[in-house]
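For reference, the structure is listed below as structure tokens.
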Amino acid sequence: MERYTSGKVVKNGQVIDESLFQVESNKGDDYVYDVIRVIDGKPLFAEDHYNRLVRSLQGVGKKPVFSLEEMNRLICLLLQSNNVRNDNVKIIISSSNGEDDVYLKLMNAVYPDPEAYENGVDTEFYMAVRIKPHIKRRNLALREATNKIIEQDNVFEVILTDTDGNITEGSRSNIFFIRGEEVYTCSEAGVLQGVTRKKIVDICRDNGIKVEECTIPESSVNSFDAGFISGTSPKVLPIRRIGEVELDVHNSLLRRIMKLYDEQVEKSCASWTTETENHK
């Protein structure tokens with residue numbers, strides 16, 4: 001995919017140099033955000049991401065800052081300004097002096113390679129509890145702690161557990177398990193309502209695959225046949241190992257869900273039509 005070393009950011013509808021973007025370098029700044037994957041210039045599941053962003057804003061007492069159509073237009077402006085058609089776009093709403101600033105920036109995303117989808121990835125546990133997990137809000141302390149584990153233990157993701165030892169979600173993903181012909185995931189009440197997570201649950205139920213949302217103790221992991229990560233970048237990514245527990249990355253139901261999700265992505269891209277297409 002395209003890579004770049006510097007580029008443009010959209011701030012309040014205007015294109016600025018990325019060098020002027022200071023929000024993420026300020027460790028004291030707390031903001032609401034969302035991340036949307038763009039494939040061939042088309043924002044994936046744009047309406048779902050927009051609705052989640054609105055819920056996050058409402059969760060911190062703020063009103064929506066733009067419409068779905070305006071969000072799509074700004075994404076297209078960002079892509080055009082950087083001459084990029086495939087990447088993740090981060091939308092940030094940051095408050096300063098009582099005013100909301102809206103930023104869109106490219107993330108220069110790195111996606112799992114084919115080997116990761118074939119052979120799965122390694123993960124590790126970490127006890128941490130998100131405050132208001134339904135709000136997609138920067139948590140710098142948690143991100144730094146989990147990044148350290150990822151680097152030190154050479155794992156792809158860190159799976160969070162609560163104070164009772166129950167699995168909640170990944171540090172930047174949602175988590176699913178498979179036992180027999182059923183899929184298990186943590187209750188929506190205690191995790192970020194991931195767009196990819198929702199699509200997977202809907203896809204499973206539409207195809208006769210039972211999904212149970214329940215409490216999943218860390219100690220029960222070895223009772224499952226397979227597991228996978230879901231998220232904007234990884235899509236549906238098999239888990240090879242959690243701690244010392246190995247899982248079956250070639251499980252037939254897991255492979256079926258991966259195929260069904262990829263088909264849903266293709267449908268979303270094929271059907272993406274908004275007035276913003278006219279700005280290309």
Side-chain angles (χ1 to χ4, degrees), residues 35 37 39 44-45 48 88 109-126 146 149-150 153-161 166-188 190-269:
V35 176
R37 185 166 181 171
I39 300 176
L44 184 62
F45 307 133
D48 296 275
N88 287 357
V110 177
Y111 303 115
D113 57 32
E115 182 181 356
Y117 289 103
E118 178 63 24
N119 299 323
V121 296
D122 295 336
T123 63
E124 191 55 81
F125 286 118
Y126 179 68
T146 54
I149 295 171
I150 288 169
D153 294 354
N154 192 29
V155 294
F156 181 86
E157 174 64 302
V158 172
I159 297 177
L160 306 181
T161 61
N166 297 317
I167 293 171
T168 54
E169 56 192 335
S171 69
R172 63 200 76 195
S173 65
N174 290 112
I175 307 296
F176 290 80
F177 293 99
I178 294 172
R179 183 188 297 127
E181 295 301 312
E182 295 185 15
V183 175
Y184 298 81
T185 191
C186 310
S187 171
E188 188 179 81
V191 302
L192 177 69
Q193 296 171 347
V195 169
T196 308
R197 177 188 185 277
K198 178 181 182 299
K199 292 296 178 185
I200 291 168
V201 171
D202 290 344
I203 288 167
C204 286
R205 289 172 175 164
D206 288 345
N207 286 274
I209 302 169
K210 184 178 178 180
V211 179
E212 183 175 345
E213 299 185 48
C214 58
T215 299
I216 303 176
E218 175 185 341
S219 59
S220 71
V221 167
N222 59 6
S223 71
F224 294 102
D225 303 319
F228 61 90
I229 290 166
S230 73
T232 298
S233 292
K235 303 192 296 184
V236 178
L237 183 62
I239 298 173
R240 176 172 54 199
R241 177 179 64 81
I242 306 179
E244 300 301 319
V245 178
E246 295 186 358
L247 298 169
D248 179 12
V249 300
H250 299 294
N251 177 274
S252 59
L253 181 54
L254 165 58
R255 292 290 157 175
R256 183 186 176 198
I257 294 169
M258 291 173 68
K259 182 175 184 294
L260 289 170
Y261 181 78
D262 285 343
E263 290 172 352
Q264 188 67 29
V265 169
E266 291 177 4
K267 290 178 183 177
S268 175
C269 291

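Counting from 1, the numbers follow the sequence of the chain as shown. Because only heavy atoms are used, hydrogens play no part in the values below, and waters and symmetry mates are left out as well, while side chains stay in.
Atom CG of D206 has more than 12 neighbouring heavy atoms from other residues, nucleotides or ligands inside a 6.0 Å radius. In this structure, E212 places its CD atom where more than 12 heavy-atom neighbours from other residues, nucleotides or ligands lie under 6.0 Å away.
S173 pairs with exactly one of I229, T123, I159 by the side-chain contact (heavy atoms from CB on, under 4.5 Å) rule, that one being I229. Residue D262 is tested with K235, K199, R255 for a salt bridge (charged side-chain N to carboxylate O under 4.0 Å, His left out); the sole match is K235.
Atoms OG1 and CG, on T161 and N166 in that order, are 8.5 Å from each other to the nearest 0.5 Å. Here Q264 contributes atom CD and T196 contributes atom OG1; the two are 11.0 Å apart, rounded to the nearest 0.5 Å. A distance of 6.5 Å separates CG of N88 from OG1 of T232, quoted to the nearest 0.5 Å. From L254, atom CG reaches atom CG of L247 across 9.5 Å, with rounding to the nearest 0.5 Å. For the atom pair CZ (R172) and OG1 (T146), the distance works out to 5.5 Å, reported to the nearest 0.5 Å. Atom OH of Y111 sits about 14.0 Å away from atom CG of L237, to the nearest 0.5 Å.
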query = Would I167 and F177 count as a side-chain contact (heavy atoms from CB on, under 4.5 Å) if you check the C-alpha gap in whole Å, the side-chain angles of each, and the deciding distance to 0.1 Å?
reply = CA-CA 11 Å; I167 293 171; F177 293 99; 3.8 Å; yes

task = Please lay out, stage by stage, how V265 and R37 fare under the test side-chain contact (heavy atoms from CB on, under 4.5 Å).
result = CA-CA 11 Å; V265 169; R37 185 166 181 171; over 6 Å; no

task = Show the numbers, then the answer: is there a side-chain contact (heavy atoms from CB on, under 4.5 Å) between E157 and I239?
result = CA-CA 9 Å; E157 174 64 302; I239 298 173; over 6 Å; no

key: Test log, rule side-chain hydrogen bond (donor to acceptor under 3.5 Å, both in side chains), inputs Y184 and E182   = CA-CA 7 Å; Y184 298 81; E182 295 185 15; 3.0 Å; yes

From CA spacing to verdict: side-chain contact (heavy atoms from CB on, under 4.5 Å), R179, S223 = CA-CA 8 Å; R179 183 188 297 127; S223 71; 2.7 Å; yes

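The heavy-atom pair separating F156 from P112 by the smallest distance is CZ-CG, 4.0 Å. Nearest heavy atoms, I175 versus T185: O-OG1, 2.8 Å. Heavy-atom minimum distance, L253 versus G180: CD2-O, 4.1 Å. Closest approach of I200 and Y261 over heavy atoms only: CG1-CD1, 4.1 Å. Heavy-atom minimum distance, C204 versus V211: CB-CG2, 3.4 Å. Summarising the geometry of D122 relative to V155, their closest heavy-atom pair is O-CB, 3.4 Å, with the distance given to 0.1 Å.
A heavy-atom distance below 4.5 Å is not found between the side chains of V245 and F224. For the pair T215/S187, no side-chain contact is recorded, criterion being any heavy-atom separation below 4.5 Å from C-beta on.
Between K259 and E263 there is a salt bridge, since at least one side-chain N of the basic residue sits less than 4.0 Å from a carboxylate O of the acidic one. The pair R197-E188 meets the salt-bridge criterion, since a charged nitrogen lies less than 4.0 angstrom from a carboxylate oxygen.
Side-chain atoms of D113 come within 3.5 Å of backbone atoms of E115 as a donor-acceptor pair (strictly under, hydrogens ignored). Between the side chain of T168 and the backbone N or O of L160 there is at least one donor-acceptor pair closer than 3.5 Å.
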